[in-house]
Amino acid sequence: MDAPEKAQPFGQRSKEFMSALVIGKEVDVQWNKHDRYQRIVGKVMVQPSDCPNCPKTLDAGLAQLTVGLAWWYQKYAKEQSPEDAGRYEFAEHEAKAKHVGLWAHGQPIPPLGLAEGRTLMHPKRWPATIDETVGVVIAALSDDERASIAALT
């Protein structure tokens, strides 16, 4: 998955969402490789905020995709377990279908596209705050998905 850069629409909101999931919490990083920049490529697992005695079962990247604040790259699906690839693909597909987060306006350009020379999309109006963004996202979710997200806060 890839999150928007700071200068991109939803870049700051994406950072704030991920920070809310992991800052000040113990996490497990499940990984088995480094990328070409020697960054760890893996999954960040965190304990659900509503269950202090539970194991770390919340996949932070999957949560990011679910609320439309990141892209999943099919190109790298072979590097994931089939189960994770399916969950990530489904989460992005649902976020697109519900027009949440990045998908609320047009076709956002992922950071990889920017590196290839494509330009940023400039919609007339993006939600102004993280609270407004989360409100738009939550309104588009099913009751079960809202309950899962509520557990994060």
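Position 1 is the first residue of the sequence, and the numbers go up from there.
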(request) Determine whether more than 12 heavy atoms belonging to other residues, nucleotides or ligands lie under 6.0 Å from atom CD of Gln74. (result)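 At most 12 heavy atoms, drawn from other residues, nucleotides or ligands, come within 6.0 Å of this atom.
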What closest approach, in Å, do [X] and [Y] show between heavy atoms, and which atom pair accounts for it?
X: Cys54; Y: Gln47; result: O-NE2, 2.5 Å
X: Pro48; Y: Pro55; result: CD-O, 3.6 Å
X: Gly61; Y: Asp59; result: N-OD1, 3.0 Å
X: Lys43; Y: Asp84; result: NZ-OD2, 2.9 Å
X: Ala3; Y: Trp71; result: C-CZ3, 3.9 Å
X: Trp72; Y: Ala85; result: CZ2-O, 3.8 Å

Donor-acceptor check, side chain of [X] to backbone of [Y], threshold 3.5 angstrom: yes or no?
X: Glu89; Y: Gly86; result: no
X: Lys25; Y: Ala20; result: yes
X: Gln12; Y: Ala7; result: no
X: Glu92; Y: Leu65; result: no
X: Gln64; Y: Ser14; result: yes
X: Lys15; Y: Gly11; result: no

Do the side chains of [Y] and [X] get nearer than 4.5 Å, heavy atoms only?
X: His34; Y: Val41; answer: no
X: Tyr76; Y: Tyr88; answer: no
X: Lys56; Y: Glu26; answer: yes
X: Phe10; Y: Pro108; answer: no
X: Val100; Y: Val67; answer: no
X: Leu102; Y: Pro9; answer: no

(message) Under a 3.5 Å cutoff, is there a donor and acceptor pairing between the side chains of Glu94 and Thr66?
(response)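 Side chains of Glu94 and Thr66: no pair found under 3.5 Å.
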Membership question, hydrophobic clusters at under 4.5 Å side-chain separation (ILVMFWY): are [Y] and [X] in the same one?
X: Trp103; Y: Leu69; result: yes
X: Val22; Y: Met45; result: no
X: Val46; Y: Leu62; result: no
X: Phe17; Y: Met1; result: no

(message) Is the positively charged end of Arg39 above the ring of Tyr37, judged by distance under 6.0 angstrom from the centroid and angle within 45° of the axis?
(response)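 No, Arg39 does not lie over the aromatic ring of Tyr37.
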(message) Please verify the inter-ring angle class for Phe90 with His93; under 30° counts as parallel, over 60° as perpendicular, anything in between as tilted.
(response)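 Ring orientation of Phe90 relative to His93: tilted.
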